[in-house]
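The shown structure was predicted, so the numbers you read here are calculated from the model rather than taken from an experiment.
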Amino acid sequence: MTTPAHPGRMLFVNIPVADLDRSKAFFAKLGFSFNPLFSDETGACMLVGEHAFVMLLNHERFAEFSKLPMADPTTHALALYCFSVSSRDEVDTVTDAALAAGATDHDDTEDHGFMYSRSFFDLDGHGWQVMWMDPAAAQQGPGEFAASTQDADAPA
């Protein structure tokens with residue numbers, strides 16, 4: 001894996017939600033937690049990774065951050081949000097939990113052997129992808145990993 005250009009840098013992604021409490025309950029059902037120090041009645045800081053966070057903001061709060069009109073995520077895609085999990089089974093567990101909590105299917109399951117993913121639209125229509133990647137593929141890159149597995153399968 002490459003060295004980050006800015007070690008320790010944090011990522012905050014702000015997304016608008018129609019009903020903050022409903023969105024928090026939805027993402028809690030997927031196993032996410034929230035940092036109360038950066039949450040209030042207008043927004044919630046969802047912990048995604050060690051240095052990655054999604055700020056769920058009600059429409060009024062989101063409008064304070066963006067001077068552009070807010071797009072309707074049910075009719076316009078501005079971004080797709082993807083997060084990794086630790087196994088193929090966890091991809092299914094998290095996605096099934098999302099669907100059970102009211103999400104809708106986004107796309108077909110993708111299975112590339114070294115990478116497996118499923119997608120859904122959350123309660124506000126934002127597109128999410130849950131993915132697992134073989135740790136060796138993450139270290140080597142997909143092309144190198146594929147070549148190494150083909151070499152391993154070749155007769156000696």
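Remark: the Thr42 side chain and the Asp40 side chain contain an N/O donor-acceptor pair separated by less than 3.5 Å.
Atom CZ of residue Phe120 and atom CG of residue Asp107 lie 13.0 Å apart, to the nearest 0.5 angstrom. Rounded to the nearest 0.5 angstrom, Asn58 CG and Asp19 CG are separated by 9.5 Å. Atom OG of Ser39 is separated from atom CG of Leu57 by 10.0 Å, given to the nearest 0.5 angstrom.
Only one option out of Arg118, Glu90, Arg88, Met115 pairs with Trp132 in a side-chain contact (heavy atoms from CB on, under 4.5 Å); it is Arg88.
Contact annotation: the side chain of Gln129 approaches that of Glu110 to within less than 4.5 Å [non-hydrogen atoms, C-beta and beyond].
Residues passing the side-chain contact (heavy atoms from CB on, under 4.5 Å) test with Ala101 are Phe26, Lys29, sequence neighbours excluded. Listed by chain and number, the residues in a side-chain hydrogen bond (donor to acceptor under 3.5 Å, both in side chains) with His51 amount to none (sequence neighbours excluded). In this view, Phe83 and Phe32, Val48, Val85, Val94, Trp128, Val130 satisfy the side-chain contact (heavy atoms from CB on, under 4.5 Å) rule, not counting sequence neighbours.
Both Phe34 and Leu11 are assigned to one and the same hydrophobic cluster, defined by single-linkage of ILVMFWY side chains at heavy-atom distances under 4.5 Å. A continuous path of hydrophobic side-chain contacts links Phe27 to Leu99 [ILVMFWY only; heavy atoms under 4.5 Å].
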### Task
Show your working on side chain to side chain contact (heavy atoms under 4.5 Å, CB included) between Val13 and Tyr81 and close with a plain yes or no.
CA-CA 9 Å; Val13 176; Tyr81 308 101; 3.5 Å; yes
### Task
Take Thr109 and Tyr116 through the side chain to side chain contact (heavy atoms under 4.5 Å, CB included) test and state the conclusion after the steps.
CA-CA 8 Å; Thr109 298; Tyr116 177 75; 3.3 Å; yes
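Between the side chain of Asp124 and the backbone N or O of His126, no donor-acceptor pair lies under 3.5 Å.
Considering all non-hydrogen atoms of both residues, Gly127 and His106 come closest at CA-CD2, 4.1 Å.
A 6.0 Å sphere centred on CZ of Phe38 holds no more than 12 heavy atoms belonging to other residues, nucleotides or ligands.
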